[in-house]
Amino acid sequence: TKVRLQYYRHLAVEDGVFDQAKVSVNGTEVFKNFVSADENGGVNHVDKEWIFQDVDLSPFEASGKVKIKFDLTSDQGLALGGWTVDDVCVVRIVETPLPGTEDDGGGCCSSSGAPAGSLLLGLATMGLVIRRRRRT
């Protein structure tokens with residue numbers, strides 16, 4: 001199986017020297033905002049639109065459980081928007097052959113003339129994960 005964390009984010013924080021926005025899975029950091037080498041910072045992270053994030057959870061799900069943490073540590077200086085997270089989901093992708101197709105175990109190098117079930121499943125899944133625009 002393949003397990004993924006998928007979400008949309010709108011993140012607005014100061015440089016990582018001052019503000020730290022992180023996502024961790026089972027205690028392992030999988031995302032953090034940029035930290036400048038200069039102690040004065042200067043590279044703020046401000047998403048201009050909703051950003052789709054897709055994180056592979058397969059290495060973390062061996063126990064059958066995952067703990068996902070969105071974290072923000074901020075100083076008392078400049079106040080930006082922080083985390084805004086929407087449409088958070090954990091997706092398990094199971095590869096099954098399409099009815100009427102023969103699974104010869106050949107993977108992407110299969111000599112079969114029929115398209116691989118996993119390819120069509122992936123395309124169908126992408127078609128279902130279309131974000132609806134919000135009206136303001």
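In this text the structure is predicted, and so the values were computed from the model without any measurement. For the numbers below, each heavy atom of this structure counts, side chains included, while hydrogens, waters and symmetry mates do not.
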Enquirer: Could you tell me whether the side chains of Thr28 and Asn26 share a donor-acceptor contact shorter than 3.5 Å?
Expert: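 Absent: no donor and acceptor within the cut-off.
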Enquirer: With a 4.5 Å cut-off on side-chain heavy-atom distances among I, L, V, M, F, W and Y, is there a chain of contacts connecting Leu80 to Phe18?
Expert: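 They do not share one cluster, since no chain of ILVMFWY contacts under 4.5 Å joins Leu80 to Phe18.
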Enquirer: Is the shortest side-chain heavy-atom distance between Val85 and Tyr8 below 4.5 Å?
Expert: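 Val85 vs Tyr8: side chains apart.
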Enquirer: About how many Å separate OG of Ser24 and NZ of Lys32, when rounded to the nearest 0.5 Å?
Expert: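 That separation rounds to 12.5 Å.
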Enquirer: Nearest heavy-atom pair of Asp19 and Leu78: which atoms, and what distance?
Expert: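 Here Asp19 and Leu78 meet closest at OD2-O, 4.4 Å.
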Enquirer: Return the minimal non-hydrogen interatomic distance between Val17 and Glu39, and the atom names on each side.
Expert: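 Smallest heavy-atom distance, with atoms named: CG1-O, 3.3 Å.
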Enquirer: Rounded to the nearest 0.5 Å, how far does NZ of Lys69 lie from CD of Glu29?
Expert: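 Taking CD in Glu29 and NZ in Lys69, the distance rounds to 11.0 Å.
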Enquirer: Could you pull out the closest heavy-atom pair between Ser36 and Gly42, with the gap in Å?
Expert: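 The answer is OG-N, 4.4 Å.
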Enquirer: As an exercise, state the distance from CG of Leu72 to NZ of Lys22, rounded to the nearest 0.5 Å.
Expert: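 Answer rounded to 0.5 Å: 10.5 Å.
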Enquirer: Taking Phe60 as the fixed residue, which of Val25, Leu5, Val3 is the one that meets the side-chain contact (heavy atoms from CB on, under 4.5 Å) rule?
Expert: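 Only one of Val25, Leu5, Val3 forms a side-chain contact (heavy atoms from CB on, under 4.5 Å) with Phe60, namely Val25.
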Enquirer: Could you tell me if the side chain of Ile68 sits less than 4.5 Å from the side chain of Val90, heavy atoms only?
Expert: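 Val90 vs Ile68: side chains touch.
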Enquirer: Going by salt bridge (Lys or Arg N to Asp or Glu O under 4.0 Å), Arg9 matches just one of Asp87, Asp54, Asp47. Which one?
Expert: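 In the set Asp87, Asp54, Asp47, the residue that makes a salt bridge (Lys or Arg N to Asp or Glu O under 4.0 Å) with Arg9 is Asp47.
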Enquirer: For Leu57, is there any backbone N or O sitting under 3.5 Å from a side-chain donor or acceptor partner on Glu61?
Expert: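 No; zero donor-acceptor contacts below 3.5 Å.
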Enquirer: With a 4.5 Å cut-off on side-chain heavy atoms, are Gln6 and Phe52 touching?
Expert: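 Sidechains of Gln6 and Phe52: in contact.
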Enquirer: Do you know which two heavy atoms are closest between Glu14 and Asp75, and how far apart they sit?
Expert: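 Heavy atoms of Glu14 and Asp75 come nearest at OE1-OD1, 3.1 Å.
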Enquirer: Report the C-alpha separation of Ile93 and Arg4 in whole Å, then their side-chain angles, then the decisive distance to 0.1 Å, and conclude whether the side-chain contact (heavy atoms from CB on, under 4.5 Å) test is met.
Expert: CA-CA 8 Å; Ile93 301 169; Arg4 319 258 337 149; 4.1 Å; yes
Enquirer: Is it the case that one hydrophobic cluster holds both Ile51 and Tyr7, taking links as side-chain heavy atoms less than 4.5 Å apart, direct or via other members?
Expert: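 No, it is not one cluster - the side chains of Ile51 and Tyr7 are not joined through contacts under 4.5 Å.
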Enquirer: Before you tell me yes or no, could you show the steps for Phe31 and Val55 under side-chain contact (heavy atoms from CB on, under 4.5 Å), namely the whole-Å CA-CA distance, both residues' side-chain angles and the distance that decides it to 0.1 Å?
Expert: CA-CA 9 Å; Phe31 168 83; Val55 179; over 6 Å; no
Enquirer: Go through the steps to decide whether Trp83 and Phe70 satisfy the test ring-ring contact (aromatic ring centres under 6.0 Å, His included), and finish with yes or no.
Expert: CA-CA 8 Å; Trp83 275 114; Phe70 292 84; 5.6 Å; yes
Enquirer: I'd like to know whether Glu95 forms a side-chain contact (heavy atoms from CB on, under 4.5 Å) with Lys2, so could you lay out the CA-CA distance, the side-chain angles of the two residues, the decisive distance to 0.1 Å, and finally the verdict.
Expert: CA-CA 9 Å; Glu95 296 181 16; Lys2 297 177 183 175; 2.8 Å; yes
Enquirer: For the pair Val13 and Leu11, evaluate side-chain contact (heavy atoms from CB on, under 4.5 Å) and give the outcome as yes or no after the intermediate values.
Expert: CA-CA 6 Å; Val13 291; Leu11 178 61; 3.7 Å; yes
